[in-house]
Amino acid sequence: MVNVNQNYLKLGAGYLFPEIGKRVKAFQQANPDVKVYRLGVGNTTEALTPTIIAGLHSGVDKLADVKTYSGYGDEQGNTDLKEALQKKYAKLGVSLSLDEIFVSDGAKCDSGNIQELFSDKSVIAVQDPAYPVYVDTNVMGGRTGAFDVKTKMYDGIVYMPCNAKNGFFPKIPNQKVDLIYICSPNNPTGAVATRKQLEEFVLFARVNNSVIIFDSAYAAYIKDKNLPKSIYEIEGADDCAIEISSFSKDFGFTGVRLGWSVVPKKVMGYSEDSAPVSLNSLWNRRYTTKFNGASNVVQAGGLAGLTKEGRKESRQLVNYYMKNGQLIREGLSDLGFNKIYGGENAPYLWVKTPNKMKSWDFFDKMLKEAHVVVTPGVGFGPSGEGFVRFSPYGHREDIKAAMKSIKTNLKL
Ligand code: MLT
């Protein structure tokens with residue numbers, strides 16, 4: 001008899017997105033002739049841009065010739081790609097050394113794996129609502145108690161409520177915590193942290209010896225020049241913050257898979273006898289042990305994406321999805337939805353349900369009546385109850401058709 005990791009048994013329902021998928025599938029089986037519009041998962045739909053395609057082709061061509069073929073590369077990523085990422089940060093006034101950058105197969109894996117570096121006694125704080133990976137992986141790692149079905153909270157986690165009152169950005173915790181997850185632009189609320197808000201968290205982290213895990217996967221959606229795109233734009237963040245980011249949402253790499261993390265050498269954790277330990281060296285140790293590097297073909301595509309032409313095409317892609325978001329916002333406003341948040345410097349729209357409906361009830365109603373899939377807000381945490389998230393990732397004609405269907409079929 002093999003005992004399983006008991007922490008897995010604490011996990012509430014299935015992972016949010018497959019759970020939604022299950023319900024949609026059941027609906028489709030019962031209604032095979034109905035076209036369902038998917039504004040649920042943030043899954044990109046538009047073709048990769050020409051520069052990326054050329055980059056990917058060049059990666060493949062190299063493999064076809066013995067003179068340019070490469071097998072295993074550096075686990076932490078190819079130097080040319082890390083140099084391009086280093087330049088990207090330099091444009092924000094952030095100076096990083098190459099061994100502080102780790103290329104990966106995507107931000108989801110990094111944001112799930114990073115918790116391994118920390119003791120199971122670490123207290124974690126999350127924005128509530130939050131991308132479910134932060135909470136679920138810490139449950140798996142044994143940093144929480146049981147899930148309370150009533151409060152929809154795990155014992156031991158510090159939930160930082162994000163609501164309309166605080167502009168969907170939390171106050172600093174009123175207790176000492178070890179790990180603080182911040183996502184900005186935020187998934188799911190679409191709120192973006194201001195410089196001042198991040199300064200407060202950085203100060204808190206430095207005073208309390210906490211570490212901030214900053215998820216900037218949606219940074220390319222920030223249009224307002226006053227809003228920070230990286231935590232390292234904040235003074236002092238380089239000794240208390242780890243940043244995780246992605247090629248998924250601005251280059252359309254959701255299926256291609258490429259991301260990166262930054263672990264500055266100054267960020268320290270501690271041994272049980274309080275000796276400082278470099279998190280950079282632990283992350284490197286983990287990387288070299290558990291990962292053989294992102295695909296060389298994919299890294300060639302990513303490198304092409306970071307060229308001048310590649311970045312220009314990426315901006316067009318981002319604008320396309322932002323325009324979709326605008327159409328969703330306009331459509332919902334016309335229908336009388338008056339609490340629509342996000343979508344300005346972020347892709348997602350965070351929408352208060354009508355008539356105080358619960359998130360999953362409204363999800364079911366949207367699916368059944370309008371055949372539109374949204375994401376129930378409560379799936380991201382208890383403060384998401386009474387909200388749903390609309391994703392703008394979709395073909396323009398599908399977004400328009402979805403809005404038309406909501407207009408025609410949703411009984412409000
Ligand atoms: C989402 O819909 O929240 C995202 O697509 C999930 C992800 O990026 O893994």
Side-chain angles (χ1 to χ4, degrees), residues 13-24 36-46 104-115 126-138 140 162 168 181-192 213-221 243-261 294 298 302 317-318 320-322 324-325 328 341-343 346-351 359-360 363 366-367 372-381 383-384 387-395 398-399 402:
Y15 185 64
L16 177 61
F17 295 106
E19 188 62 34
I20 293 171
K22 245 191 336 200
R23 292 195 187 208
V24 175
V36 170
Y37 301 101
R38 294 170 192 272
L39 310 187
V41 186
N43 197 3
T44 48
T45 51
E46 300 316 295
S104 74
D105 57 351
K108 181 177 187 177
C109 311
D110 286 337
S111 38
N113 291 330
I114 197 77
Q115 48 80 28
V126 289
Q127 286 170 284
D128 171 29
Y131 180 43
V133 173
Y134 314 147
V135 168
D136 286 9
T137 57
N138 276 288
M140 293 168 177
C162 298
F168 297 97
Y181 287 81
I182 299 176
C183 176
S184 178
N186 190 264
N187 178 12
T189 67
V192 187
I213 313 286
F214 189 77
D215 181 345
S216 64
Y218 299 93
Y221 288 77
E243 183 159 304
I244 290 169
S245 206
S246 174
F247 283 78
S248 285
K249 311 295 163 127
D250 43 351
F251 292 102
F253 272 37
T254 43
V256 181
R257 308 307 302 148
L258 193 65
W260 73 92
S261 55
V298 170
L317 200 57
V318 165
Y320 179 90
Y321 292 125
M322 286 298 278
N324 282 353
I328 297 172
Y341 306 94
Y348 297 121
L349 294 144
W350 188 239
V351 180
S359 301
W360 277 109
F363 166 91
M366 279 290 263
L367 182 58
V372 172
V373 183
V374 291
T375 306
V378 72
F380 297 99
S383 296
F387 285 89
V388 290
R389 189 194 73 177
F390 281 75
S391 158
Y393 296 101
H395 303 307
D398 287 340
I399 300 283

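Note that ligands are numbered from 1 as they come in the structure, with each ligand's atoms numbered from 1 the same way. None of these values were measured; they are calculated from a predicted model.
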| note | Closest non-hydrogen atoms of Y348 and P392, given as atom of the first, atom of the second and distance, are CD2-CD, 4.1 Å
| request: Take the angle between the ring planes of Y134 and Y181 and call it parallel below 30°, perpendicular above 60°, tilted in between. | output: parallel
| request: Identify, by atom number and element, the atoms of ligand 1 in contact range of R389, meaning under 4.0 Å from any of its heavy atoms. | output: 1 (C), 2 (O), 3 (O)
| task | Would you check, one step at a time, whether the test side chain to side chain donor-acceptor pair (under 3.5 Å) holds for S111 with D215? | result | CA-CA 8 Å; S111 38; D215 181 345; 4.7 Å; no
| message | I'd like to check whether N43 has a polar contact with ligand 1, where a contact means an N/O of the residue lying under 3.5 Å from an N/O of the ligand. | response | no
| field | Within-cut-off N or O pair, G42 and ligand 1, under 3.5 Å | value | yes
| query | Among the heavy atoms of Y348, does any lie under 4.0 Å from an atom of ligand 1? | reply | yes
| request: Find out whether V351 and F390 are in side-chain contact, i.e. whether some heavy atom of one side chain is under 4.5 Å from a heavy atom of the other. | output: yes
| field | Quiz item: cation-pi between K249 and Y393, 6.0 Å / 45° | value | yes
| Aromatic rings W350 and F387: how do their planes relate, parallel, tilted or perpendicular, breaks at 30° and 60°? | parallel
| query | For atom 8 (O) of ligand 1, what is the nearest protein heavy atom, given as residue, atom name and distance? | reply | K249 NZ, 3.0 Å
| request: For N187, take its heavy atoms, then give the atoms of ligand 1 lying under 4.0 Å from any of them. | output: 1 (C), 3 (O)
| request: Answer side chain, backbone, both or neither: which part of V41 comes under 4.0 Å from ligand 1, heavy atoms only. | output: both
| task | Quick one: look up the protein heavy atom nearest atom 7 (C) of ligand 1 and list residue, atom name and how far away it is. | result | Y131 OH, 3.3 Å
| Numbering the atoms of ligand 1 from 1, which are under 4.0 Å from a heavy atom of F17? | 1 (C), 2 (O), 3 (O)
| How close do C162 and S383 get, heavy atom to heavy atom, and via which atoms? | O-CB, 4.2 Å
| Has ligand 1 got any nitrogen or oxygen that is less than 3.5 angstrom from a nitrogen or oxygen of K108? | no
